[in-house]
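Worth knowing before you read on, the calculation uses all heavy atoms, side chains too, and leaves out hydrogens, waters and symmetry mates. Nothing fancy with the numbering, it's 1 onward along the sequence. Whatever order the structure lists ligands and atoms in, that order sets their numbers, starting from 1.
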Amino acid sequence: MFAPSVFAARRARLQQAGLSGLLLFVGNVDSPMNYHDNTLPFVQDSSFRYFFGLNEPGLAGVIDADSGEATLFGNDPDVSDIVWTGPLPSLSERAAKAAVGRSRPYAELARLLAEARAAGRPVRYLAPYRGETLIEMGRLLDVHPAEVKAGFCPALTRAVVALREIKGEEEIAEMENALGVTHAMHIAAMQNAKPGVLEYQVVGIMEGIMRRHDWHLAYPSIFSKRGEVLHNHGHGNVLQQGDLVLNDTGCASGGGYASDITRTFPVGGKFSTRQRELYDIVLEMQEAAIAAIKPGVKYQDIHKLSAAVMVERMAELGFFRGDADAIVESGAYAIAFPHGLGHQIGMDVHDMEALGEDLVGYGDGAERSPLFGLGYLRLGKPLKAGMVVTVEPGVYFIPALIEAWEKEERHSAFINYAKFREYADFGGIRIEDNVLVTADGSRVLGEPIPKTVEEIEAVMAV
Ligand code: GLY
Ligand code: MN
Ligand code: MN
């Protein structure tokens, strides 16, 4: 946890947003795995943790936007809590860790909110995303849970996004901490993905490295020789010599920050000519995108630039024909690159996405595209110094997509379907890094993880 002054400064900046009334942040509670006392690993609500620091269930925070005063709501441990969980700090001791001067029993929260509403003061909150929180907020605000979400405050959301999307030095250091362990996980994956090994055996080795730090996953690991399935969470295949494996795995650090890294490599450690040709294209797409990152540039434009690199290079191999810009503008390129170039990352792997994907990723002159492919881009707006984004281009051969488009002759002037069909069993390639936008460009965070063909082959030869 950062120093108490960090949280006080964040709350003070939020107060400067000029909102009135009470700002309510309800923390997460434990989620049962299958019965009440058997819980999933606890994950705190990120906005609560951003302003109130504490990574424990059953808390809520209120900031009085008019006076600036913050209050932590929760309960002191009683003797039965101590019997089951050991000594715990008091509520006021916990509040002090985030420089919160006032703490009150949780039972007083609903009354405080009712009094504020009766006095005509707005109670502002972010859109909840968990069922438990919806129900609890319905109780706290005395409305049906189904109505809670619609009552969220867009102005508060925009103010929170404006703060959370600009990372402080302490946050960057924590993200690089997360990337250090992620580095070890990806090297271990490359070195253990031998012919005859099952995918889940490699996943177990990687996740064991993370658990040795007492950390958790930032998202379910994607580790598969069927890399063309974009969010493939199955790990049951046997790896065979020459298979191309896509490994998209990151962790959530103890300090509460995510990493999100993808590497693609061949089982046996040597890229075939076909694999290498396409791998180098994806690497060029990523390098071109990273080189274009700087404040003021729309991420949507960087996505298109990366797609244009792909089209030009794949046209040389015979996959596309025609003008590269026209192929990008038409959306035809998405047959091989059907997802977005990236998203913001921070406390959440898709940072702040629970607050509303368009509120976080669009605006400032950027609108979500209706096109298949580009429409999945989660971040389209202009970049700002201090943002951290993922840069994750890919090339995939998705037989069902190729077949469906060919059948309807979609973009058939641009796409050489016969060539795509030849690659139906190829799989997919993605390369993903986490990149800080700096004042005049960008910096790839973390110790470099092998990425060129030569670097990957060298680390796999060990
Ligand atoms: N790991 C999911 C993603 O890259 O967005
Ligand atoms: Mn990602
Ligand atoms: Mn990823």
Heavy-atom pair with the smallest gap, counting every atom of Thr390 and Tyr299
O-OH, 2.7 Å
NZ on Lys451 to CZ on Arg263, rounded to 0.5 Å
5.5 Å
Option among Ile293, Ile345, Val435, Val437 that satisfies the side chain to side chain contact (heavy atoms under 4.5 Å, CB included) test with Met387
Val437
Report, as yes or no, whether the 6.0 Å neighbourhood of atom CD on Glu169 holds more than 12 heavy atoms from other residues, nucleotides or ligands.
no
Is His231 in polar range of ligand 1, meaning some N or O pair under 3.5 Å apart?
no
Ligand 1 atoms in contact with Glu432 (distance to a heavy atom under 4.0 Å)
4 (O)
State plainly whether the residues Lys381 and Asp358 are in salt-bridge range, i.e. N to O under 4.0 Å.
no
Minimum-distance protein heavy atom relative to atom 4 (O) of ligand 1:
Glu392 OE1, 2.9 Å
shortest atom 5 (O) of ligand 1-to-protein heavy-atom contact is with His350 NE2, 2.7 Å
Lys/Arg-Asp/Glu bridge criterion (N-O < 4.0 Å) met for Glu329, Lys304
yes
Has the side chain of Ser330 got a donor or acceptor atom that lies under 3.5 Å from a matching backbone atom of Ala326?
yes
How about His343: does one of its N, O or S atoms come closer than 2.8 Å to the Mn ion (ligand 2)?
yes
Do other residues, nucleotides or ligands put more than 12 heavy atoms under 6.0 Å from Glu403 CD?
no
Looking only at distances, can you tell me whether any N or O atom of Arg430, backbone or side chain, sits closer than 3.5 Å to an N or O atom of ligand 1?
no
Number of protein N, O or S atoms [distance to the Mn ion (ligand 3) under 2.8 Å]:
4
